[in-house]
**Student:** 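The structure follows.
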Amino acid sequence: MNSIGIDHNLDRARIKKLLAIGLFASILTGIGDFLLGFAENAAGNSLAASVMAGAPNLADWQMIAGGLLGFFGIFLEGLACFAVYRLMADAAPGYAHIYRAGIFGYIWLAPVGCHMNVGVLNLAYKYLLRADAALAAKAADLLFYGFSEPVYLLLILFWLPMMVVQFMAFSKGLTPYPRKARWFCVLIGAIPALALSAILGPDTALGAGIGTMFLSFGNAFMFGGLLATLPEAERFEAFEGALRGRSAG
């Protein structure tokens, strides 16, 4: 498997540093998400208009700052995912290959195509709505279905396999972590944010802001959980020794 210049995949110090970067990046992205979502939502008569339902109540600085914070944060999250790649690369190169492809897709699509464009589209929709509601609705549909939706779908094709192989690698003991660490995954970490948003009301400013953060909650849960439970150096050494023994046998 092509290591793309990454040597010593089980370097514990590097993995710890990447997990810490990922946790910081998730918090940064979460702030950006909250800024983009923190506004009371107006009723939308189409899916696209519903996605941009809070735009009229968002301040310009929220959309710009939220877009930029997420842009940098998501890019760092993608780089930090190489910590998980390193954990599985030696014992499960097939899984690692899929995971690495997902990282490249995540870095390529998520920062601009799936986050910053939310700020851009909301800003455009806000000002078009002031000029002409019918024009704004038509533009919302064209922008969402023509630009955003294809990128979202393509990102999912990269991202879901990442989640699947990560869960499988941890479940099968193909990392130095105990098998129960498989539960430190984005989807599980996102559930509390979605539940809290539903309780508060997705149309309220606070509920919408927290709901917009659901993936950032999930990423923070994953990176934070893996960082907090990072096995000691002895466990890494024992795991590497077992891999060498398996290869020699």
**Student:** Verify, without hydrogens or angle tests, whether H97 (side chain) and A92 (backbone) share a donor-acceptor contact under 3.5 angstrom.
**Tutor:** no
**Student:** Taking all atoms of both residues into account, what is the closest heavy-atom pair of L18 and A80, and its distance?
**Tutor:** O-CB, 3.2 Å
**Student:** Checking the side chain of N57 only, and the main-chain atoms of A39 only, is there a donor and an acceptor separated by less than 3.5 Å?
**Tutor:** no
**Student:** Check the pair I74 / M116 against side-chain contact (heavy atoms from CB on, under 4.5 Å), numbers first and verdict last.
**Tutor:** CA-CA 10 Å; I74 292 174; M116 183 174 277; over 6 Å; no
**Student:** State yes or no: do F24 and M213 share one hydrophobic cluster built from I, L, V, M, F, W and Y residues joined by side-chain heavy-atom distances below 4.5 Å, directly or via other members?
**Tutor:** no
**Student:** Tell me the closest heavy-atom pair linking A96 and A89, and the distance in Å.
**Tutor:** CB-CA, 3.6 Å
**Student:** Could you tell me whether a side-chain N or O of N41 sits under 3.5 Å from a main-chain N or O of G54, the two making a donor and an acceptor?
**Tutor:** yes
**Student:** W159 versus Y106: any side-chain heavy-atom pair under 4.5 Å?
**Tutor:** yes
**Student:** Using a 3.5 Å cut-off and no angle test, enumerate the donor-acceptor pairs between side-chain atoms of residues 226-243 and protein atoms at least two apart in sequence or in another chain.
**Tutor:**
from	atom 1	to	atom 2	distance (Å)
T229	OG1	G225	O	2.7
R235	NE	P176	O	2.8

**Student:** Can you tell me how far apart NZ (K172) and CE (M88) are? Round to the nearest 0.5 Å.
**Tutor:** 11.5 Å
**Student:** Identify whether M52 and Y145 are in the same connected component of the hydrophobic contact network (ILVMFWY, side-chain heavy atoms under 4.5 Å).
**Tutor:** yes
**Student:** How long is the gap from CG on D90 to CG on L10, to the nearest 0.5 Å?
**Tutor:** 5.0 Å
**Student:** side-chain hydrogen bond (donor to acceptor under 3.5 Å, both in side chains): which pairs involve residues 177-187, sequence neighbours left out?
**Tutor:** none
**Student:** What pairs with Y99 under ring pair (Phe, Tyr, Trp, His ring centres under 6.0 Å), at least two apart in sequence or on another chain?
**Tutor:** none
**Student:** I210 versus L206: any side-chain heavy-atom pair under 4.5 Å?
**Tutor:** yes
**Student:** Is any side-chain heavy atom of Y125 closer than 4.5 Å to a side-chain heavy atom of L58?
**Tutor:** no
**Student:** State plainly whether one hydrophobic cluster holds both M162 and L160, where clusters connect Ile, Leu, Val, Met, Phe, Trp and Tyr through side-chain heavy atoms under 4.5 angstrom apart.
**Tutor:** yes
**Student:** Measure across Y152 and C114 and return the closest heavy-atom pair with its distance rounded to 0.1 Å.
**Tutor:** CD2-SG, 3.3 Å
**Student:** Please report the closest heavy-atom contact between G119 and L36, naming both atoms and the distance.
**Tutor:** CA-CD2, 3.8 Å
**Student:** With under 30° as parallel and over 60° as perpendicular, where do the rings of F34 and F38 fit, or are they tilted in between?
**Tutor:** parallel
**Student:** side-chain contact (heavy atoms from CB on, under 4.5 Å) for F82 and R14? Distances and angles first, verdict last.
**Tutor:** CA-CA 10 Å; F82 276 107; R14 291 184 181 181; over 6 Å; no
**Student:** If you define the side chain from C-beta out and look only at heavy atoms, does anything of I188 sit under 4.5 Å from F167?
**Tutor:** no
**Student:** Going from SG on C81 to CD1 on I103, what distance comes out if it is rounded to the nearest 0.5 angstrom?
**Tutor:** 5.5 Å
**Student:** Between Q62 and N122, does a side-chain contact (heavy atoms from CB on, under 4.5 Å) hold up when you go through it step by step?
**Tutor:** CA-CA 10 Å; Q62 279 181 260; N122 277 317; over 6 Å; no
**Student:** Can you tell me how far CZ of F147 sits from CG of L142, rounded to the nearest 0.5 angstrom?
**Tutor:** 8.5 Å
**Student:** Would you give the length of the straight line joining atom CG of D11 to atom NZ of K16, rounded to the nearest 0.5 angstrom?
**Tutor:** 12.5 Å
**Student:** Could you check if a side-chain atom of L69 sits within less than 4.5 angstrom of a side-chain atom of L35, using non-hydrogen atoms only?
**Tutor:** yes
**Student:** Is there side-chain contact between L174 and Y95, with heavy atoms separated by less than 4.5 Å?
**Tutor:** yes
**Student:** Would you say the side chain of I21 lies within less than 4.5 Å of the side chain of F223, judging by non-hydrogen atoms?
**Tutor:** no
**Student:** Do you reckon L200 sits in the same ILVMFWY cluster as L194, going by side-chain contacts under 4.5 Å, direct or chained?
**Tutor:** no
**Student:** Mind checking whether F221 and V186 have side chains closer than 4.5 Å, heavy atoms only?
**Tutor:** no
**Student:** Ignoring hydrogens and angles, tell me if any N or O in the side chain of S197 forms a donor-acceptor pair with the backbone of P202 under 3.5 Å.
**Tutor:** no
**Student:** When clusters are formed by joining ILVMFWY residues with side-chain heavy atoms under 4.5 Å apart, either directly or through shared neighbours, do F104 and L87 land in the same one?
**Tutor:** yes
**Student:** Supply the atom-to-atom distance L215 CG to D33 CG, rounded to the nearest 0.5 angstrom.
**Tutor:** 7.5 Å
**Student:** Would you say the rings of F214 and F217 are close, in the sense that their centroids are separated by under 6.0 Å?
**Tutor:** no
**Student:** For the residue pair P111 and I107, what are the closest heavy atoms and their distance?
**Tutor:** CD-O, 3.2 Å
**Student:** What's the shortest heavy-atom distance between G105 and L155, and which atoms?
**Tutor:** O-CD1, 4.1 Å
